[in-house]
Amino acid sequence: MAKKEINEMSFLDHLEDLRWHLIRIITAVVIVATVAFIFSRFVFDQIIFAPLDMSFPTYDMLCQTANFIGVNTTFCAEEMPMILQNRTMAGQFSADIWTAILGGFIISFPYVIYQLWKFVSPGLHINERKHSRGFIIISSLLFFIGVLFGYYIVTPLSLNFLANYSISTKVDNQIDISSYIALVRSSALASGLIFELPIIIYFLTKIGLVTPEILRKYRKYALVVVLILSAIITPPDIASQVIVAIPILVLYQVSIYISKVVIRNQKRKEKKQHV
């Protein structure tokens with residue numbers, strides 16, 4: 001489509017274009033979700049329920065670390081002190097459906113970003129499109145790293161803490177499957193979205209809402225927000241919150257650098273135009 005045609009598109013034309021992009025996104029998610037649903041036994045046994053096994057890599061690593069420094073820890077236990085159960089008639093079917101949809105979204109994320117980019121990119125200048133070619137790859141990579149961080153770090157830390165927390169020996173942890181899956185889902189998805197922070201800062205800087213000076217000025221407030229976020233997605237113990245907070249703070253610092261680069265490139269472009 002020519003640039004002139006794009007600029008002359010009406011509001012309804014843009015809505016129609018957006019509708020087709022959303023249809024493609026939904027179609028991709030549904031296709032991948034269907035495949036995940038077909039292989040649901042593997043998905044649940046090998047992925048969703050894997051953190052329940054004390055041989056999970058995270059537990060093994062933390063157990064070895066604790067033994068090395070001579071500290072007793074629940075990460076070295078033989079089994080997780082909790083039992084999963086289903087309390088509703090459609091509980092397992094609902095868990096299967098929603099897990100498949102979540103898996104469809106996560107796996108289809110690069111295509112989702114691609115379709116959103118296809119909708120936005122025609123409104124950008126040629127140079128902006130050229131300098132943003134790596135957007136899909138970088139945003140997808142950050143998202144997948146975040147999901148893996150949530151799955152291998154946040155989920156086992158949260159699960160181990162909550163499963164071993166007890167107010168009385170008279171209370172057993174018999175957890176409903178929906179509660180367990182919600183923990184795994186929120187940990188992985190929230191971490192994946194949080195890791196998109198550099199991308200968000202990039203675009204906010206491009207449209208002039210954020211500058212490196214603003215990010216530096218509000219760094220201490222960002223630290224408070226980071227600690228609050230880490231407290232929300234992790235169990236209420238200091239060690240887990242610190243482990244989650246560190247990569248988020250690193251991402252914030254990276255975002256400052258990205259914002260600085262964007263501003264520098266914009267100033268260079270303005271100088272060339274005035275020459």
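Please read all numbers here as calculations on a predicted model, not as lab measurements.
A donor-acceptor pair is defined here as one N or O able to donate and one able to accept, closer than 3.5 Å; no such pair exists between the side chain of Asp172 and the backbone of Gln174. Between the side chain of Ser179 and the backbone N or O of Ile175, no donor-acceptor pair lies under 3.5 Å. Between the side chain of Asn86 and the backbone N or O of Asp176 there is no donor-acceptor pair closer than 3.5 Å. Side-chain atoms of Ser168 do not come within 3.5 Å of backbone N or O of Val171 as any donor-acceptor pair. The backbone N or O of Phe37 lies less than 3.5 Å from a partner atom in the side chain of Ser40, making a donor-acceptor pair.
The 12-atom threshold is not exceeded at CZ of Arg41, counting heavy atoms of other residues, nucleotides or ligands nearer than 6.0 Å. Residue Glu79 places its CD atom among 12 or fewer non-hydrogen atoms of other residues, nucleotides or ligands, all under 6.0 Å distant. No more than 12 heavy atoms of other residues, nucleotides or ligands shown are found within 6.0 angstrom of CG on Asn72. Atom CD of Gln85 is surrounded by more than 12 heavy atoms from other residues, nucleotides or ligands within 6.0 Å.
Val184 approaches Ile48 most closely through the heavy-atom pair CG2-O, 4.3 Å. Across all their heavy atoms, Phe44 and Ala95 have their closest contact at CZ-O, 3.7 Å. Nearest heavy atom pair, residue Gly150 against residue Ser191, reads CA-OG, 3.4 Å. Nearest heavy atoms, Leu183 versus Leu162: CD1-CD1, 3.7 Å. Closest heavy-atom contact between Met80 and Pro51: CE-O, 3.6 Å. Across all non-hydrogen atoms, the minimal contact from Val32 to Ser108 is CG2-OG, 3.2 Å.
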task: Show your working on side chain to side chain contact (heavy atoms under 4.5 Å, CB included) between Thr99 and Val43 and close with a plain yes or no.
output: CA-CA 9 Å; Thr99 300; Val43 171; 4.2 Å; yes
query: Could you go step by step and tell me if Ile263 and Thr205 meet the side chain to side chain contact (heavy atoms under 4.5 Å, CB included) rule?
result: CA-CA 7 Å; Ile263 295 295; Thr205 303; 3.7 Å; yes
- prompt: Going through the checks in order, is the side chain to side chain contact (heavy atoms under 4.5 Å, CB included) test met by Arg216 and Lys260?
  reply: CA-CA 11 Å; Arg216 294 192 189 98; Lys260 184 178 179 180; 3.9 Å; yes
query: Phe56 and Tyr152: ring pair (Phe, Tyr, Trp, His ring centres under 6.0 Å), yes or no, with the steps?
result: CA-CA 9 Å; Phe56 194 67; Tyr152 281 103; 5.4 Å; yes
message: Evaluate Gln253 against Val250 for side chain to side chain contact (heavy atoms under 4.5 Å, CB included), listing each step before the verdict.
response: CA-CA 5 Å; Gln253 189 61 40; Val250 171; 5.7 Å; no
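Atom CG of Asp17 is separated from atom NZ of Lys118 by 9.0 Å, given to the nearest 0.5 angstrom. The distance from atom CD1 of Ile201 to atom CG of Leu251, rounded to the nearest 0.5 Å, is 10.5 Å. Rounding to the nearest 0.5 Å places CZ of Phe75 at 5.0 Å from CG of Leu157. We find the OG1-CZ distance between Thr74 and Phe161 to be 9.5 Å, quoted to the nearest 0.5 Å. Rounding to the nearest 0.5 Å gives a distance of 12.5 Å between OG of Ser140 and CD1 of Ile106. Rounded to the nearest 0.5 Å, atoms CD1 (Ile199) and CD1 (Ile258) are 6.5 Å apart.
Side-chain contact check for Pro156 versus Tyr59: some heavy-atom pair is nearer than 4.5 Å. Taking the side chain as every heavy atom from C-beta outward, Cys76 and Thr73 approach each other to under 4.5 Å. Looking only at side-chain heavy atoms (C-beta outward), Phe49 and Ile47 stay at 4.5 Å or farther from each other. When side chains are defined from C-beta on, Leu159 counts as touching Leu52, because their heavy atoms get closer than 4.5 Å.
Using a 4.5 Å cut-off between side-chain heavy atoms of Ile, Leu, Val, Met, Phe, Trp and Tyr, with links allowed through other members, Ile145 and Tyr151 fall into the same hydrophobic cluster. Note on Trp98 and Tyr180: separate hydrophobic clusters, where clusters join Ile, Leu, Val, Met, Phe, Trp and Tyr whose side-chain heavy atoms are under 4.5 Å apart, directly or indirectly. Ile113 and Ile23 are not part of a single hydrophobic cluster, where members link through side-chain heavy atoms under 4.5 Å apart. Put simply, Ile26 and Leu189 are part of two different groups of oily side chains (I, L, V, M, F, W, Y) that touch within less than 4.5 Å, one to the next. Leu18 and Ile25 fall within a single hydrophobic cluster, where Ile, Leu, Val, Met, Phe, Trp and Tyr are joined by side-chain heavy atoms under 4.5 Å apart, directly or via other members.
Proximity of the aromatic rings of Phe149 and Phe195 is defined here by a centroid distance below 6.0 angstrom, and this criterion is met.
With sequence neighbours left out, Arg19 forms a salt bridge (charged side-chain N to carboxylate O under 4.0 Å, His left out) with Glu16.
With hydrogens and angles left out, the side-chain atoms of Tyr111 and Gln115 include a donor and acceptor closer than 3.5 Å. Donor-acceptor pairing under 3.5 Å is recorded for the side chains of Asp60 and Gln64.
Between His21 and Phe119, the ring planes lie perpendicular to each other; the angle is over 60°, past the 30° to 60° tilted range.
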